[in-house]
Amino acid sequence: MGSWEALSAAGALAVTGALAGVITAALTVQRAWGRLQCWCVLFGAAMALVVASKLAFLGWGLGVPALHFRGISGHAARAAAVFPVLAWLLLGPGRRRGAAVAAGALLGMLVGVARVQVHAHSASEVVAGCLLGWGVAAGFIWHARCREAPQLGRATAVLCLPLVCLLASAGPVPTQVWLRSAARYLSGQEHAALHAPAWPSRPASKPAEMVKPQARRPSARLAARGAGSLPA
């Protein structure tokens, strides 16, 4: 597995979903109900938006062809949301916390870049995912910044690390299969956009329009020459 593939796998649902669960469990154990509600609402709404954008394309073909946009990147959105929040919860107030949050945001961006490099998403889909995830992280941190922030603790992080590694090695979650089944059921169309390829870089009609004038001009000239040489 190359470096881009490894970074792409870091945003997989098995990894970022497990880390989001760790954040949820930590806030629940520490009874930080306000922050727990904020995290669940923001993260849940972001994931719902990701799913809705993909279903819109898979079921009804709704997208932005000019931007090669077929749906928000879930890898990028989850990574950009989870890594900064996890870094913020692991460290106490101070400069190290700010640096850790920035590093988490950068890691989320690198996951998005990796998705483009492995040809899993277009740049527009990754940018949308990163912006959405960073918005979740920023909203949560802004909500919790004026309160005594609960920390995960080093021991909790060490105990959760083997679980995350185990889930990551278990293989990819078949989310695309689930989304296709849901899109087929909701749209009622067996062959909607379920097998649609990536947006073409150029419309197929343009080359035909450019060739037709070139093909007609020589034939017109030949016809004129032939007419002049015919006997009266």
Side-chain angles (χ1 to χ4, degrees), residues 1 3-50 72-115 117 126-170 173:
M1 180 183 292
S3 57
W4 290 121
E5 288 79 5
L7 274 172
S8 176
L13 181 61
V15 178
T16 51
L19 292 177
V22 169
I23 294 173
T24 304
L27 295 174
T28 302
V29 169
Q30 297 182 6
R31 298 182 180 180
W33 307 123
R35 287 175 286 274
L36 175 63
Q37 182 180 10
C38 178
W39 167 251
C40 290
V41 169
L42 290 176
F43 188 77
M47 294 304 101
L49 186 58
V50 170
I72 302 172
S73 170
H75 281 63
R78 289 190 303 269
V82 167
F83 291 136
V85 171
L86 190 64
W88 191 82
L89 290 174
L90 282 172
L91 298 176
R95 294 182 179 179
R96 291 191 304 171
R97 170 177 275 180
V101 170
L106 178 61
L107 180 57
M109 184 185 70
L110 290 176
V111 169
V113 173
R115 296 300 287 170
Q117 293 296 323
V126 164
V127 168
C130 286
L131 292 176
L132 181 60
W134 286 336
V136 171
F140 175 81
I141 293 173
W142 180 84
H143 178 267
R145 77 190 192 285
C146 297
R147 299 172 176 84
E148 183 180 354
Q151 294 183 0
L152 294 179
R154 306 292 172 82
T156 304
V158 171
L159 290 175
C160 291
L161 185 60
L163 176 61
V164 173
C165 294
L166 179 63
L167 292 173
S169 62
V173 180

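When reading the values below, keep in mind they use all heavy atoms of this one structure, side chains included, and skip hydrogens, waters and symmetry mates.
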TODO: To the nearest 0.5 Å, tell me how far Leu36 CG sits from Ile23 CD1.
DONE: 11.0 Å
- [ ] Give, for atom CH2 of Trp88 and atom CZ of Arg145, the distance between the pair rounded to the nearest 0.5 Å.
- [x] 10.0 Å
Open item on the list: Working to the nearest 0.5 angstrom, can you tell me the gap between Met47 CE and Ile72 CD1?
Closed with: 8.5 Å
TODO: Would you check if the side chain of Ser8 reaches a backbone N or O of Trp4 as a donor-acceptor pair within less than 3.5 Å?
DONE: no
Task: Approximate separation, where rounding is to 0.5 Å, of Cys38 SG and Phe43 CZ - done: 13.0 Å
Task: Validation row: Trp33, Thr28 side chains within 4.5 angstrom (heavy atoms) - done: yes
Open item on the list: If you define the side chain from C-beta out and look only at heavy atoms, does anything of Val82 sit under 4.5 Å from Val136?
Closed with: no
Task: Distance-minimising heavy-atom pair for Cys130 and Ala80 - done: O-CB, 3.7 Å
Open item on the list: Show, in sequence, the C-alpha distance, side-chain angles and deciding distance for Leu7 and Leu107, and conclude whether the side chain to side chain contact (heavy atoms under 4.5 Å, CB included) test is met.
Closed with: CA-CA 9 Å; Leu7 274 172; Leu107 180 57; 4.1 Å; yes
Task: Closest contact, heavy atoms only, Ala77 versus Val50 - done: CB-CG2, 4.0 Å
Open item on the list: How close do Pro84 and Ala79 get, counting heavy atoms only, and between which atoms?
Closed with: CD-O, 3.7 Å
Open item on the list: For a 4.5 angstrom cut-off between non-hydrogen side-chain atoms, does Trp134 reach Met109?
Closed with: yes
TODO: Consider only side-chain N and O atoms of Arg115 and Ser73, and report whether a donor and an acceptor are under 3.5 Å apart.
DONE: no
Open item on the list: Rounded to the nearest 0.5 Å, what separates atom CZ in Arg78 from atom CG in Leu132?
Closed with: 11.5 Å
- [ ] Please report the closest heavy-atom contact between Ala87 and Ala100, naming both atoms and the distance.
- [x] CB-O, 3.4 Å
- [ ] Test Leu27 against Phe140 for side chain to side chain contact (heavy atoms under 4.5 Å, CB included), laying out the working first.
- [x] CA-CA 12 Å; Leu27 295 174; Phe140 175 81; 4.1 Å; yes
- [ ] Flag the pair Leu110 / Phe83 as yes when at least one side-chain heavy-atom distance between them is below 4.5 Å, and no otherwise.
- [x] no
Open item on the list: So which atom in Gly112 and which in Ala76 form the shortest heavy-atom distance, rounded to 0.1 Å?
Closed with: CA-CB, 4.1 Å
Open item on the list: So which atom in Val111 and which in Ala10 form the shortest heavy-atom distance, rounded to 0.1 Å?
Closed with: CG2-CB, 4.3 Å
